[in-house]
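Quick notes on the structure that follows.
Because the structure is predicted, anything quoted here is derived from the model rather than measured. Naming: A, B, ... by sequence-line order, numbering from 1 per chain.
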Protein chains: 2
Amino acid sequence: MTTSRSRKRPGTALPKKDRAERLGRMDWIAAAREALIKGGVHAVKIDLIANRLKITRGSFYWHFKNRAEVLAALIELWESQNTGPFEEIAKRADIGAPEKYLAMAKLWLEEKAFDWQFDSAMRDWARSSRAVARKLAAIDDLRMKLFEQVFIEMGYPPYEAGIRARVTYYHQVGYYTLGIREDQRARREMFPMYLRILAGDAQADQMTFD
Amino acid sequence: MTTSRSRKRPGTALPKKDRAERLGRMDWIAAAREALIKGGVHAVKIDLIANRLKITRGSFYWHFKNRAEVLAALIELWESQNTGPFEEIAKRADIGAPEKYLAMAKLWLEEKAFDWQFDSAMRDWARSSRAVARKLAAIDDLRMKLFEQVFIEMGYPPYEAGIRARVTYYHQVGYYTLGIREDQRARREMFPMYLRILAGDAQADQMTFD
DNA sequence: TCAAAACCATACAGTGCTGTATTGTATAGT
DNA sequence: ACTATACAATACAGCACTGTATGGTTTTGA
């Protein structure tokens, strides 16, 4: 070993990656989201994500200052995605309360506008981060208030409305937490019965299914 | 620095720890449980726990082969603690179905025999461990079947009984997941209303509170 | 009382992950 | 063609944590 000078120096390597394959900040955020959903915050490790993206950490530190920055980006992403749909339904003036409830419940049933896995991952995260916990609590509170309002519009006395809102919301969060993945057909079949129990028979009768 | 020979050798230190302060395997498991509850599996780090116990990792590796062994012990502990209470109530022959339901709901309300924080921590863990997820799913299933049976005993048709059991269970899991800590007084006040919604008015009327 | 068993402290080797520094390559705009 | 910009690769320093080796201390009990 003649004082081996042949050590590779930084940058001396692989040309590679023509335009199309290069990544943007969003690719990293998306991959981080995957990781978060799959294994919790602690699984959001930049070198593992880099491996997954088949790229090195050099790229990451170009797009982000540090790990904390992606995590912040994830929170932002979640807030902007999973808050709106409920509010929009609650605001509608063209339909009655039972229909609103139905529409909100369908957000869950259909899982299109609402990404429950992301939601669950945030809940997970909240267990170890005060900041996230606070944001989450605020949003849960908001969503429950929306349901409460709908129950009030249905004619339930305020106290009962509050509790029905809780039952509805807790129930759905629990469902996601358990991570039950039953087939869509079975779920749709059970759906009306859930509505009868959660919203009451009289109200459920006024909901029109498609 | 005269070739400083004064390097401490292993074992050359602190007498300390008279009987009472020495720890057993159980102390480690208990501390690990705390850590698990507070920050998830990834927070179960033996040197942090050691610091907390004001002892060194030497002790740990005396009691356990490695980290995996405490984790296994935690699973075992949880299984032996949080499974039984529900089954015992369900088996009772001296009370009717509504009373059984009440008793089971009270397990949750009073949080004595049932340690929900431990339960939630396991759910958390399950997200990153297939093995834990399986055990958890099995236990959730079991508990829901117990509720289903109670609803059947109440006279509900099997299909509705199944769904009511789900609503009850999901609801409670959701409640814990949200980590809501309202004062006991408010909870007790709302309790009857919850029962009316979850078990139905007719059944709730047959429950006697103390 | 003295030897074995139980328990604890320290050092050390090793690994996984973060963050920084530095240099290379591809593309757009001039 | 030249340069700025955007991106990527490599190396390196450093910390947090695991696991092992080893030698010490305390307790038990024959």
Side-chain angles (χ1 to χ4, degrees), chain A residues 3-32 35-36 38-74 128, chain B residues 3-32 35-36 38-74 128:
Chain A
T3 54
S4 141
R5 271 196 318 61
S6 74
R7 290 263 301 291
K8 283 220 212 85
R9 320 279 314 291
T12 312
L14 311 185
K16 262 189 187 169
K17 307 282 178 202
D18 50 357
R19 196 64 189 106
E21 300 186 45
R22 296 178 76 155
L23 303 137
R25 194 182 156 90
M26 266 312 169
D27 297 290
W28 279 99
I29 294 179
L36 176 71
K38 214 169 166 210
V41 220
H42 300 278
V44 180
K45 301 194 171 160
I46 53 206
D47 69 340
L48 295 190
I49 296 176
N51 289 345
R52 196 137 184 294
L53 292 176
K54 297 202 194 306
I55 207 172
T56 59
R57 294 183 359 277
S59 166
F60 177 87
Y61 285 101
W62 167 260
H63 294 291
F64 302 88
K65 193 170 153 294
N66 54 26
R67 182 168 175 269
E69 201 175 298
V70 231
L71 296 184
L74 283 176
S128 56
Chain B
T3 55
S4 141
R5 273 194 317 58
S6 72
R7 290 263 301 293
K8 284 219 212 87
R9 319 277 315 291
T12 313
L14 311 187
K16 260 188 186 170
K17 308 281 180 201
D18 50 356
R19 192 62 191 105
E21 301 186 43
R22 294 178 76 156
L23 303 139
R25 196 182 155 88
M26 266 313 169
D27 297 290
W28 279 98
I29 294 178
L36 177 72
K38 217 174 161 204
V41 221
H42 299 278
V44 180
K45 302 193 170 160
I46 53 205
D47 68 341
L48 295 189
I49 296 176
N51 289 344
R52 196 139 185 294
L53 291 176
K54 296 202 194 306
I55 209 172
T56 59
R57 294 180 0 272
S59 166
F60 178 87
Y61 285 101
W62 167 259
H63 292 291
F64 302 88
K65 192 168 153 295
N66 54 24
R67 180 168 177 272
E69 201 174 299
V70 231
L71 295 184
L74 282 177
S128 56

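For B:A43, there are no side-chain contact (heavy atoms from CB on, under 4.5 Å) partners, not counting sequence neighbours. For A:N51, the side-chain contact (heavy atoms from CB on, under 4.5 Å) criterion is met by A:L48, not counting sequence neighbours. A search for side-chain contact (heavy atoms from CB on, under 4.5 Å) contacts involving A:I49 returns A:W28, A:A31, A:A32, A:A35, A:V44, A:L53, not counting sequence neighbours.
Look at CZ on A:F64: it is 18 Å from C1' on C:dT20, rounded to the nearest Å. Between B:D27 atom CG and C:dA6 atom C1' there is a gap of 14 Å when expressed in whole angstrom units. To the nearest angstrom, P of C:dC7 lies 15 Å from CG of B:L53. Distance A:M26 CE to D:dC7 P: 13 Å, rounded to the nearest Å. At whole-Å resolution of the value, CG in B:N51 and C1' in C:dT10 are 14 Å apart. As rounded to whole Å, 14 Å separates atom C1' of C:dT10 from atom CD1 of B:I55.
Listed by first and then second residue, the salt bridge (Lys or Arg N to Asp or Glu O under 4.0 Å) pairs involving residues 42-52 of chain B amount to none (not counting sequence neighbours). Residue pairs that meet the salt bridge (Lys or Arg N to Asp or Glu O under 4.0 Å) test with at least one member in residues 61-74 of chain B, sequence neighbours left out, are B:R25-B:E69.
In this structure, NE2 in B:H63 is found 7.5 Å from CG in B:D27, a value given to the nearest 0.5 Å.
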What does the list of N/O pairs under 3.5 Å between the protein and nucleotides 17-19 of chain D look like, with a distance for each?
from, atom 1, to, atom 2, distance (Å)
D:dT18, OP1, B:I46, N, 3.2
D:dT18, OP2, B:I46, N, 3.1
D:dT18, OP2, B:D47, N, 3.2
D:dG19, OP2, B:Y61, OH, 3.0
D:dG19, OP2, B:R67, N, 3.1
D:dG19, N7, B:R57, NH2, 2.8
D:dG19, O6, B:R57, NH2, 2.5

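Side-chain nitrogen and oxygen atoms of B:H63 include at least one within less than 4.0 Å of the OP1 or OP2 phosphate oxygen of C:dC8.
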